[in-house]
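These notes are about the structure you will find just below.
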There are 2 protein chains.
Amino acid sequence: MTNEGVHADEHPVPGTRRPGGRTARTRAAVRDAVLSGLSDHGYPGLTIEYVAEHSGVHKTTLYRRWGGLEGLVADALDLAGEDTWTPPDTGSLEGDLRALAHEVVDAFADESKAAAPTAFIAASFQSQRAADALRAFYSERFSRCEAVIARAVERGEADRDTDAAALVRAVSAPLMLRLFVTREPIDAALADQSAAVVLAATRAGAFSSR
Amino acid sequence: MTNEGVHADEHPVPGTRRPGGRTARTRAAVRDAVLSGLSDHGYPGLTIEYVAEHSGVHKTTLYRRWGGLEGLVADALDLAGEDTWTPPDTGSLEGDLRALAHEVVDAFADESKAAAPTAFIAASFQSQRAADALRAFYSERFSRCEAVIARAVERGEADRDTDAAALVRAVSAPLMLRLFVTREPIDAALADQSAAVVLAATRAGAFSSR
DNA sequence: ATCGTAATGCGACAAGCGTTGCGTTTGCTG
DNA sequence: CAGCAAACGCAACGCTTGTCGCATTACGAT
């Protein structure tokens, strides 16, 4: 599915043949600069020259290796996915779902913390490459969350044929909708409501894949 | 470079003192050009010069009256909200919710139809003005949807203290999440699932306030 | 240690974007 | 039907963005 449309990936991806010393340093410096730039000015305010100055890497190199802002953000997004986050384990499905929802609220309550994730989504609207990276990120993230459902099934709190992927997405969906689409504020009460809705639907078998 | 800070709305909004003839014509022509531009190239590909050429309005005028792409898109978004859309009325809550969800899927199934709404959301990440217009649009849109809940309450399908605003948002939230955040495909089956989940939660009283 | 070459630095350049000053047209008012 | 000001068109300018050719650095292998 390399449907890249226009100019495919026309970049030989420099930095792969020689992954050592300097190349790795530049890459790390650039990633840091991109993340700090996103936090400071958001995606619309992020410019190549800002990254160049704050990383000490020349403008030309940025264009050559990453092909522009799209690639820079996509690369930073790949890095963001390489963390050790695991879903909460409170001992009950209700507790886990509530904790998950609250994590979303907390993550976007502080504006400085919300800047980078928001910027990634903004970038996904402008760049196919960033969109692919974002899909991969969330796919991986939600996969981890499915452990919550597996435990619930073990405890008999959910049917064995529960659609775990849909369930975990349903928890954060109302929050994400307000954050990125309708632009409404979110709070802890909304997180509780979202978790309660999903829990009730689960108990009613609405997530059972039949 | 001028003040890059929050220059609020620094535009005296020309075209308000003289709403007649030419001014109105240019405004309409510009709006059409913006919408066709969004459909053809999406928000990232939309350029001022494109709007100038396809509307017959000079570049300078566009900058003066709308202040740039942000304002142009925000203005077009205001227009988009002035339609006569009403939510479905199938005679049952389940039917209405399913119809609502399917409308979302249908609206974004065709790429040409999806371009403009997607572009509006993309614009909201880059422009406070577009974000405000988007919030107003969805606020109005969801308000109309609450009629569905009112009818359901009349029929005894939902509690009288049901949180209608949260309920109608919950229907489309999983679809919007996949469209704009996780970038996963959506289909009719997903719409049915979303409606079923919300219906089950409603029957369980999960949307009852307090 | 030495060499080949990948990777980066450097300066200059073309193209596009947004702004500005000024002249012209057009809509409102009396 | 005049007269004024608002809105617009026009051309030119400065700034930013992205690219190119060439020189330099330093990784990796012999």
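Note that these values count all heavy atoms, side chains included, but never hydrogens, waters or copies made by symmetry. Residue numbers begin at 1 in each chain, while the letters A, B, ... track the order of the sequences.
The side chain of A:T47 lies closest to D:dT17 when the candidates are D:dC27, D:dT17, D:dG9. Taking only side-chain atoms of A:I48, from C-beta outward, the nucleotide of C:dC17, D:dC10, D:dG18 with the closest atom is D:dG18. Side-chain proximity of B:Y63 to D:dA7, C:dG18, D:dG9: nearest is C:dG18. Distance from the side chain of B:V57 is smallest for D:dG9 among the nucleotides D:dG9, C:dC17, C:dA7. Candidate nucleotides D:dG18, C:dT8, C:dC10 were compared by shortest atom distance to the side chain of A:T60, and C:dC10 ranks first. Counting only heavy atoms from C-beta on, A:K59 has its side chain closest to D:dG18 among D:dG18, C:dC17, C:dT8.
Heavy-atom neighbours of A:E111 CD from other residues, nucleotides or ligands within 6.0 Å: at or below the threshold of 12.
For the pair B:L62 CG and D:dC8 C1', the computed distance is 11 Å after rounding to whole Å. The interatomic distance linking A:H58 (NE2) with C:dA12 (C1') rounds to 11 Å, in whole Å. A straight line from CD of B:E70 to P of C:dC17 spans 16 Å, rounded to a whole angstrom. One atom, OH of B:Y50, and another, C1' of C:dC17, lie 18 Å apart when rounded to the nearest Å. Rounding to whole angstrom units, CZ of residue A:R65 and P of D:dC27 are separated by 13 Å. Distance B:W66 CH2 to D:dA7 C1': 11 Å, rounded to the nearest Å. With rounding to whole Å, B:L46 atom CG is found 15 Å from C:dG16 atom C1'.
For the pair B:R144 and B:F137, the cation-pi criterion (under 6.0 Å, within 45° of the ring axis) is not fulfilled.
For B:R64 against C:dG18, no side-chain N or O and base N or O form a donor-acceptor pair under 3.5 Å.
B:R135 contributes no side-chain N or O that, together with a main-chain N or O of B:A131, makes up a donor-acceptor pair within less than 3.5 Å. Using modelled atom types, no side-chain atom of B:S139 and backbone atom of B:A136 make a donor-acceptor pair closer than 3.5 Å.
Both A:G56 and B:L69 lie near DNA chain C, and the one whose nearest nucleotide falls closer to the 5' end is A:G56.
In summary, the aromatic rings of B:Y138 and B:F120 are positioned with their centroids too far apart to meet the 6.0 Å limit.
Phosphate proximity of C:dA7 to A:T23: absent, as no side-chain N or O sits under 4.0 Å from OP1 or OP2. At D:dA7, none of the side-chain N or O atoms of B:T61 fall inside 4.0 Å of OP1 or OP2 (strictly under the cut-off).
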